[in-house]
2 protein chains.
Amino acid sequence: MKQRVTIDDVAKAAGVSKQTVSRAINDKGEIHPATKARILELVNTMGYRPSRLAQALNTQRTFMVGLVLQDITNPFFPEMARGVQDTALAHDYSALIVNTDEKAELELGLLNMLVAQGVDGLITFTHHAADEELTKFADTFRPMVLINRLYEHPNVNLLLIDNKKGAESAVDYLFSLGHRQIGMLSNAQIFPGQVRRVQGYKSALAKHGLPVREEYIEKESANLAGGYRAATSLLGQQPELTALFCYNDLMALGAIRACRDIGRRVPEDISIIGFDDIQLATMNSPALTSISVDKYELGRLAFKRLLALIEDPHRPVETIHMGVELVIRESTAPLNQT
Amino acid sequence: MKQRVTIDDVAKAAGVSKQTVSRAINDKGEIHPATKARILELVNTMGYRPSRLAQALNTQRTFMVGLVLQDITNPFFPEMARGVQDTALAHDYSALIVNTDEKAELELGLLNMLVAQGVDGLITFTHHAADEELTKFADTFRPMVLINRLYEHPNVNLLLIDNKKGAESAVDYLFSLGHRQIGMLSNAQIFPGQVRRVQGYKSALAKHGLPVREEYIEKESANLAGGYRAATSLLGQQPELTALFCYNDLMALGAIRACRDIGRRVPEDISIIGFDDIQLATMNSPALTSISVDKYELGRLAFKRLLALIEDPHRPVETIHMGVELVIRESTAPLNQT
DNA sequence: TTGAAAGCGCTAACAA
DNA sequence: TTGTTAGCGCTTTCAA
């Protein structure tokens with residue numbers, strides 16, 4: 001069985017005090033170069049690794065950040081998580097990833113668990129906890145980056161995806177293709193008024209002088225199966241629709257499959273557009289037209305921002321916006337005039 | 001700014017020693033029910049949460065396990081990670097997920113980082129570190145569950161997917177459909193002799209009296225783009241192939257897309273079969289025939305096994321096998337006799 | 001340039 | 001049933 005080698009072991013072996021060893025490994029304080037070299041040598045041969053636990057207990061820094069995600073199963077999140085992780089690792093941090101499974105009850109518990117675990121900061125991408133609960137939490141925990149959620153708190157840094165703009169450009173594009181009956185598959189898990197992708201959809205319709213009809217919006221879980229169900233049901237009730245804007249790519253992919261099963265060709269009979277631009281959308285047949293979000297960059301930015309906040313607790317929070325971009329592929333086509 | 005409430009604060013407030021508080025929160029040792037109730041009450045109102053850090057330093061238990069994955073971007077891994085996490089959470093553990101990006105150099109470093117972080121155990125699903133390095137590591141760190149890799153060490157518990165059997169049943173099925181020219185898209189990142197999915201492919205061919213031809217095996221990265229490239233290249237050189245068995249679903253999906261782009265219809269002109277049965281494979285057009293692995297269960301089992309090892313350090317390691325199952329969908333069809 | 005003492009927040013062992 | 005004393009492995013004083 002392994003017996004951890006501690007700083008004392010190294011100190012004894014080097015014939016110095018553990019304080020000196022500490023100085024050597026942390027590059028801190030005055031220390032004779034020769035002594036330092038000798039100690040570093042020993043550290044290597046003995047395979048000594050300082051216990052982060054013990055360090056953390058002193059410094060109150062664990063070099064861990066928490067990453068709270070709503071659904072690690074949606075490829076959007078792993079891509080973003082890599083952005084966080086890679087950046088974190090490059091700064092000698094590690095990330096504790098947890099999944100809320102879109103359950104509000106879990107969210108606060110998980111947050112508190114991460115705090116108990118001693119994380120130095122938190123990145124969250126969820127929208128289930130109520131604002132008041134979040135506030136109660138944020139009041140006692142400072143460095144926190146909230147992604148893709150409108151919320152205000154002096155301790156919470158915002159990182160917002162341009163959802164509304166993205167939704168608008170999706171609808172604009174469909175409109176330019178000649179589509180006039182445009183439906184939307186939305187996310188049932190979010191409080192309706194808060195979905196900026198729906199707001200963008202509505203405002204774009206209005207801008208083009210098209211009526212905004214609630215019966216054109218179908219709400220479901222924002223995943224493959226949800227998209228499948230939503231499309232089946234919506235197209236069953238509103239067969240006149242010639243285009244569908246979907247809350248995310250997973251829903252769009254599910255919708256495309258549903259169309260195939262009910263005999264509607266994509267894009268000949270109906271155009272479908274997603275949001276997120278996950279990798280898989282590229283390889284689908286037809287390849288998915290989508291609103292692209294740079295997920296890796298999103299993760300990178302979130303960590304960078306969090307790190308700044310951790311390193312300087314007095315730095316004020318700010319709101320960062322992340323642009324999006326329409327990527328045209330095969331699932332959209334000009335309106336078929338027949 | 002928040003000032004952590006410590007056990008001393010609670011003890012003072014309750015007018016007892018911190019030891020008593022410790023007893024109350026940990027349900028350990030004799031304690032008067034009334035005292036306990038009073039303390040617990042205080043714990044609640046004061047919002048006290050024991051520092052896992054401090055606890056860990058004493059007990060040498062962090063209640064964290066490390067989960068080392070090769071590519072969090074492949075949907076296989078998030079699904080499995082959820083199995084690990086959910087189970088871990090249910091046992092009051094949390095999981096530190098890290099991604100090796102299939103880089104051998106990173107793997108050992110990450111492993112050591114997790115150890116420094118104080119994880120109680122390790123679950124790894126990678127195959128890049130050399131056996132000797134792994135051994136050197138395993139010699140000093142005990143509770144470890146290795147998934148899907150053949151390796152022997154008294155400290156390492158194995159959890160093996162029935163790759164060979166799965167590959168065989170894939171080829172058997174293609175054979176039963178009448179296919180005789182069956183190619184394979186394999187994983188270039190693994191040392192060739194070690195790929196049991198290839199071994200199964202070969203042995204099944206041999207069983208049916210078909211020749212095993214190395215030029216029918218194309219090696220590439222085991223992802224969408226790799227599958228796309230591999231299929232394009234293989235079918236370009238060996239146009240007589242009527243079926244493709246792929247290392248995983250991602251490659252299969254890429255291959256299907258490649259077929260579409262070179263004008264080969266799936267499954268009319270060519271049958272394609274994957275491995276893993278990721279969710280997305282269901283919604284693809286055509287839906288993918290695949291060898292199904294219960295990923296969530298795999299994660300659950302891995303954690304359960306690790307926990308047993310953590311709780312009883314003297315428990316001997318064992319090798320667990322995980323079955324697979326052929327799931328027939330739309331990407332395979334009887335050989336087209338023309 | 002180095003070392004000794006104290007303490008981070010908690011639990012284990014023993015004593016009362 | 002409760003409190004006291006140590007100590008986990010490190011860093012932070014402060015003194016030498």
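In what follows, every chain begins at residue 1, and chains take the letters A, B, ... in the order their sequences are listed.
In terms of position on DNA chain C, the residue among B:R49 and A:E30 whose nearest nucleotide sits closer to the 5' end is A:E30. The nearest heavy atom of DNA chain D to A:K18 and to B:R38 marks one nucleotide each, and the one closer to the 5' end goes with B:R38.
Note on A:S17: a side-chain N or O is less than 4.0 Å away from OP1 or OP2 of C:dG3. In this model, the phosphate group of D:dC8 is not approached by any side-chain N or O of A:S51 to a distance below 4.0 Å at OP1 or OP2. In this structure, A:Q19 does not reach the C:dG3 phosphate: none of its side-chain N or O atoms is under 4.0 Å from OP1 or OP2. Contact check, A:K36 against C:dT1: no side-chain N or O comes under 4.0 Å of OP1 or OP2.
Residue B:I7 places its side chain closer to C:dC10 than to any other of C:dT2, C:dC10, D:dT11. Closest approach to the A:A54 side chain among C:dG3, D:dC10, C:dC10 is made by D:dC10 (side chain taken as heavy atoms from C-beta onward). Checking C:dC10, C:dA12, D:dG3 against every side-chain atom of B:T20, the shortest atom distance belongs to D:dG3. Closest contact between the side chain of A:H32 and the listed nucleotides C:dT1, C:dC8, D:dC10 involves C:dT1. Among the nucleotides C:dC8, D:dT2, D:dC10, the one closest to any side-chain atom of B:R23 is D:dT2. Closest to the side chain of A:Q55, out of D:dC10, D:dG9, D:dT2, is D:dC10. The A:T59 side chain lies nearest to D:dT11 when the options are D:dT11, C:dT2, D:dG3.
Rounded to whole angstrom, the span from the OH atom of B:Y48 across to the C1' atom of C:dG9 amounts to 7 Å. Spacing between atom CG of B:L57 and atom C1' of D:dA6 amounts to 13 Å, rounded to whole angstrom units. In this structure, B:L53 atom CG and D:dG9 atom P are separated by 14 Å, rounded to whole Å. Between B:D27 atom CG and D:dT1 atom P there is a gap of 13 Å when expressed in whole angstrom units. The distance from atom NZ of B:K28 to atom P of C:dC10 is 15 Å, rounded to the nearest whole Å. Whole-Å rounding puts the A:I31 CD1 to D:dT11 C1' distance at 14 Å. For the pair B:D9 CG and C:dG9 C1', the interatomic distance rounds to 10 Å; values are reported in whole Å.
A cation-pi arrangement, defined by a distance under 6.0 Å to the six-membered ring centre and an angle within 45 degrees of its axis, is present between B:R61 and B:F63.
A salt bridge between A:D71 and A:K103 is absent, with no side-chain N of the basic residue lying under 4.0 Å from a carboxylate O of the acidic one. The pair B:R300-B:D294 does not count as a salt bridge, with every side-chain nitrogen at least 4.0 angstrom from each carboxylate oxygen.
When only modelled atom types and interatomic distance are considered, A:Y48 and A:T6 share no side-chain donor-acceptor pair under 3.5 Å. The closest side-chain donor-acceptor pair between A:E107 and A:T126 falls under 3.5 angstrom.
The base of C:dG7 is paired with the side chain of A:N58 by a donor and an acceptor separated by under 3.5 Å. On a pure distance criterion of 3.5 Å, no polar donor-acceptor pair joins the side chain of A:R52 and the base of D:dG9.
Enclosure of atom CD in B:E318 by more than 12 non-hydrogen atoms of other residues, nucleotides or ligands within 6.0 angstrom is indicated.
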